[in-house]
There are 2 protein chains.
Amino acid sequence: MPASRASVRKIAEPTVRRLSHYLRYLEAFERAGRGTVSSGELAHSGGTTSAQVRKDLSFFGSFGKRGLGYDTHELVAKLRQILGLDRAWRLVIVGAGKIGSALARHPGFRGRGFEVVGIFDADPNRVGHVLGGVAVWDVKVLESEIRHLRADIAVLAVPPEEAQTIATRLGRAGVHAILDFSTAPLEVPAGVTVRSVDLALELEVLSHALVSR
Amino acid sequence: MPASRASVRKIAEPTVRRLSHYLRYLEAFERAGRGTVSSGELAHSGGTTSAQVRKDLSFFGSFGKRGLGYDTHELVAKLRQILGLDRAWRLVIVGAGKIGSALARHPGFRGRGFEVVGIFDADPNRVGHVLGGVAVWDVKVLESEIRHLRADIAVLAVPPEEAQTIATRLGRAGVHAILDFSTAPLEVPAGVTVRSVDLALELEVLSHALVSR
DNA sequence: CCTAGATTGTGAAGGTTTTCACAAGCTCGT
DNA sequence: ACGAGCTTGTGAAAACCTTCACAATCTAGG
């Protein structure tokens, strides 16, 4: 593997999503003991085409073997590196309501390299408790505690009317990535990446699919 | 592999998402008592351009007024109709675990026209209870009860290893839309639309953004 | 009524992503 | 060692999506 790990070129978001998908399936192939995987197999699992898979991968160099496919272990390692998963990310959850606490107890994050290191809430009744093995802090100490916990990513699960305030504070506290579950439009300083998960919007996409069948 | 139904109108998915966004902001404008809204204002709220807004809307005909903008009420009604939100959709949740029960108690769905009418789980300890005002049924009676409840959309919040089985059963029970929270790849019969919400994948997109800054 | 100012609707241009098609390269059985 | 059979990598073509630019059209105010 090339030593230069900082040289990650700009990739379109749909491509990143697909890479993430490929990694998921590759890990399944790896567990199944498959030494090599072809673009066609990856495409079938991921709902795309073999040409798409090859184009996506060729963006980072050619590490497949013609006639055989891709080495499973090698490709897993390469994708982890591209996606930045060759290290553990430290996560905080802001908002210990229904969604926040469900996420805190969700076992799937740690298994994929995302460790929940802190939870924040404004409700004094929740502060001081432990959720999923992690302490709940008062949101008043957000900035200092986030720095102390060395958090990289914040999950925002607060009521919409508070989302902007918290997002701004997170930016000031040095968090550069936010996974947002509030439905409010967020304005964040440059250098902060936000991804919004809007469940009502997903349902509306389904609704549209239902009426336009 | 995207299921291309013989749809009346082909709208690209990014367009549908934007329409959904516009509707959100339009409703805010409506509450604020604004009679008309310009494409520029909608664009600003939604993080896009006025040309994009006009292109999106012009796909369905021209119902703006030059020099003035769009009639708020009229556009809200039109978007609701396009998105299929001029009716109430009946939702069932399969899986009363952490995510499933958090969603069941989530108040935001009903407010946007999605009514949770049933919950299913395999755990006998959970069956018979009431979550968010809705009864938890044994997953054994999935098919018959779904027909009885006249459910349109299913939210799939079961462990990955059971997702495929349930998805197949949902398809047989006449559900044509699934919002999937499991991380497994689903194969569904033609005519069933699936949208996957994969939280680990969203975090991986953030991870990539962090390493490629 | 008429002018100034604002905004839509849309063809065309520009850009990006996906698909196609095929030469090149690898493995395996014989 | 060789040919058959796969599979990759990649230009080129096609499809798709976004932005541009401006005529057409509206309102408001005198």
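Just so it is clear: chains get the letters A, B, ... in the order the sequence lines come, proteins before strands, and each one is counted from 1. All values derive from a computational prediction rather than experimental measurement. These numbers come from the heavy atoms of this one structure, side chains and all, not from hydrogens, waters or symmetry mates.
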* To do: Return no unless some side-chain N or O of A:Arg54 is found under 4.0 Å from OP1 or OP2 of D:dG9.
  => no

* Nearest of C:dG9, C:dC22, D:dT18 to any side-chain atom of B:Arg18? -> D:dT18

* Can you check whether B:Tyr70 reaches B:Glu41 side chain to side chain, under 4.5 Å on heavy atoms? -> no

* Asked: Which nucleotide in the list D:dC26, C:dT27, D:dA21 gets nearest to the side chain of B:Lys65?
  -> D:dC26

* Asked: Which residues, if any, of residues 20-38 of chain A bring a heavy atom under 4.0 Å of DNA chain C?
  -> none

* **B:Lys55 (side chain) and C:dG11 (base): donor-acceptor pair under 3.5 Å** => yes

* To do: Round to the nearest Å and state the distance from B:Leu42 atom CG to C:dG9 atom P.
  => 12 Å

* Give one of base, sugar-phosphate or nothing for B:Ser39, where a contact means two heavy atoms less than 4.0 Å apart. => sugar-phosphate

* Asked: Is any N or O donor-acceptor pair between the side chain of A:Arg66 and the base of D:dT8 shorter than 3.5 Å?
  -> yes

* Asked: Can you find a heavy atom in the side chain of A:Ile82 that is under 4.5 Å from one in the side chain of A:Leu19?
  -> yes

* In whole angstrom, what separates A:Leu57's CG from D:dT10's P? -> 12 Å

* Measure the distance from CZ on A:Phe60 to C1' on D:dG9 and round it to the nearest whole Å. => 15 Å

* To do: Check whether any side-chain heavy atom of A:Glu27 lies under 4.5 Å from a side-chain heavy atom of A:Arg80, and answer yes or no.
  => yes

* Whole Å only: how far is the CG atom of A:Asp71 from the C1' atom of D:dT8? -> 15 Å

* Considering heavy-atom distances to DNA chain C, does B:Ser58 or A:Pro14 have its closest nucleotide positioned more toward the 5' end? -> B:Ser58

* Structure fact -> B:Leu68 CG to D:dT25 C1', in whole Å, measures 12 Å

* Structure fact -> Here the distance between atom P of C:dT17 and atom CD of B:Glu13, to the nearest Å, is 16 Å

* Parallel, tilted or perpendicular, as decided by the 30° and 60° cut-offs, for the rings of B:Tyr25 and B:His21 -> parallel

* Would you mind telling me which of B:Arg195, B:Arg112, B:Arg18 makes a salt bridge (charged side-chain N to carboxylate O under 4.0 Å, His left out) with A:Glu204? => B:Arg112

* CD of B:Gln52 versus C1' of D:dA21: gap in Å, rounded? -> 16 Å

* Which is it for A:Ser196 and A:Asp198 under the side chain to side chain donor-acceptor pair (under 3.5 Å) test, yes or no, and what are the steps along the way? -> CA-CA 6 Å; A:Ser196 290; A:Asp198 185 334; over 6 Å; no

* To do: Ignoring backbone atoms, test whether B:Tyr70 places a side-chain nitrogen or oxygen under 4.0 Å from the OP1 or OP2 oxygen of C:dG9.
  => yes

* **Electrostatic pair A:Glu202:B:Arg17 at N-O distance under 4.0 angstrom** => yes

* **Value in whole Å for how far the P atom of D:dT8 lies from CZ of A:Phe59** => 19 Å

